Amino acid sequence: MTALPVSAPEITIRRAKAGDVARIAELIMLGAATQTMTPEAIREEARHPGYESAFAEIDASRDNGLFVAERDGEVVGTFQVTLIPGLVARGRKRGKIESVHVAPECRGMGIGKIMIGHALAFAEQQGVGLIELSSNKSRLDAHRFYRNLGFDQSNEGFKKQLGG
């Protein structure tokens, strides 16, 4: 079944609140490329206190914005924008969009496009001159989505897990 498109007035983008944390964690887990957990296990995991601690740190940071997309009062998407000062390009501020997730039943409706538009506007208001994001190599639909929004696949990214 093809999802019907939504219009911007149907979607509210707002800063996340503490009461949104479990739903945000669910959306992130539902979006994981290797997700093998049952819906019940996801709901249980989403209540782990580590998510509350991480939210408190993000919420207290002036360089982070955690947002949700609501439709009919339900959180159906989330994303985070991190502001990164730097010396490159005469001190140009950089932004990073992370953890972009839309509820599986709402994908293909245009909610992601609305969220990214909000992320870009927020970053520009904060003086960001370059915005970047990364996406799991296996998420080919997401890569196409970002290219269609004008993002270039210009860099090869690397990660390394640390003890923390």
Side-chain angles (χ1 to χ4, degrees), residues 1-84 95-123 131-146 148-149 151 157-164:
M1 180 166 107
T2 303
L4 297 174
V6 297
S7 63
E10 293 177 69
I11 303 299
T12 301
I13 305 291
R14 63 169 173 77
R15 289 262 189 175
K17 299 182 277 195
D20 300 320
V21 172
R23 177 62 176 155
I24 292 168
E26 285 178 23
L27 290 171
I28 291 168
M29 285 183 273
L30 288 168
T34 59
Q35 186 52 258
T36 58
M37 296 171 71
T38 66
E40 296 79 25
I42 289 172
R43 280 191 292 280
E44 181 65 31
E45 172 62 21
R47 291 193 265 299
H48 189 281
Y51 295 113
E52 300 279 339
S53 298
F55 172 79
E57 190 172 345
I58 292 166
D59 195 46
S61 169
R62 67 183 183 112
D63 292 327
N64 281 282
L66 181 61
F67 298 90
V68 295
E70 282 186 330
R71 182 175 187 221
D72 297 328
E74 179 186 350
V75 173
V76 295
T78 187
F79 63 95
Q80 181 175 340
V81 180
T82 301
L83 309 174
I84 308 165
K96 182 160 185 181
I97 302 172
E98 299 188 55
S99 297
V100 178
H101 295 281
V102 174
E105 68 276 10
C106 295
R107 291 182 189 147
M109 296 176 148
I111 295 169
K113 183 176 181 181
I114 294 167
M115 292 185 339
I116 294 297
H118 186 87
L120 296 174
F122 171 78
I131 194 88
E132 59 189 14
L133 56 81
S134 60
S135 180
N136 188 295
K137 283 187 174 194
S138 68
R139 298 188 67 212
L140 300 180
D141 288 341
H143 302 174
R144 185 173 48 256
F145 169 73
Y146 294 127
N148 287 338
L149 292 177
F151 287 85
F158 297 90
K159 291 183 182 181
K160 183 174 183 168
Q161 297 291 332
L162 302 177

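These numbers come from a predicted model, not from an experiment.
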Lys96 to Ile84 - nearest heavy-atom pair and separation: CB-CD1, 4.1 Å

Contact check, side chains of Val76 and Glu70, non-hydrogen atoms, under 4.5 Å: no

Under the ring pair (Phe, Tyr, Trp, His ring centres under 6.0 Å) test, residues paired with His101 that sit two or more places apart: none

Residue list, side chain to side chain contact (heavy atoms under 4.5 Å, CB included) with Ala41, at least two apart or on another chain: Met37, Thr38

Pairs satisfying side-chain hydrogen bond (donor to acceptor under 3.5 Å, both in side chains), at least one member in residues 41-50, at least two apart: Glu45-Tyr51

Within-4.5 Å side-chain heavy-atom neighbours: Phe145 and Asp141: no

Interatomic spacing from OG1 in Thr12 to CD1 in Ile114 - rounded to 0.5 Å: 10.0 Å

All side chain to side chain contact (heavy atoms under 4.5 Å, CB included) counterparts of Leu133, not counting sequence neighbours: Ile97, Tyr146, Phe151

Those residues that, when tested against Phe67, pass ring pair (Phe, Tyr, Trp, His ring centres under 6.0 Å) (two or more places apart): Phe79, His118, Phe122

All pairs passing salt bridge (Lys or Arg N to Asp or Glu O under 4.0 Å) where residues 17-29 contributes a residue, at least two apart: Arg14-Asp20, Arg23-Glu26, Arg23-Glu74

Set of residues satisfying side chain to side chain donor-acceptor pair (under 3.5 Å) with respect to Lys159, sequence neighbours excluded: none

Closest contact, heavy atoms only, Asn136 versus His143: O-NE2, 2.8 Å

Shortest non-hydrogen separation from Ile131 to Ala123 and the atoms involved: CD1-CB, 3.7 Å

Non-hydrogen side-chain atoms of Ile28 and Leu30 separated by less than 4.5 Å: no

Verdict with reasoning, Leu66 to Thr78, per side chain to side chain contact (heavy atoms under 4.5 Å, CB included): CA-CA 7 Å; Leu66 181 61; Thr78 187; 3.9 Å; yes

Nearest atoms (heavy-atom pairs only) where Leu27 meets Val102: CD2-C, 4.3 Å

Show every donor-acceptor pair shorter than 3.5 Å between a side-chain atom in residues 56-63 and any protein atom, with sequence neighbours excluded, or say none if there are none.
from, atom 1, to, atom 2, distance (Å)
Ser61, OG, Asp63, N, 3.1
Ser61, OG, Asn64, ND2, 3.0

For the student: nearest non-hydrogen atoms of Met109 and Glu105, plus distance: CE-O, 4.3 Å

Euclidean distance, Ile111 CD1 relative to Ile11 CD1, rounded to 0.5 Å: 4.0 Å

Under the salt bridge (charged side-chain N to carboxylate O under 4.0 Å, His left out) test, residues paired with Glu132 that sit two or more places apart: Arg94

Taking every non-hydrogen atom, the tightest pair across Arg15 and Gly65: NH1-CA, 3.3 Å

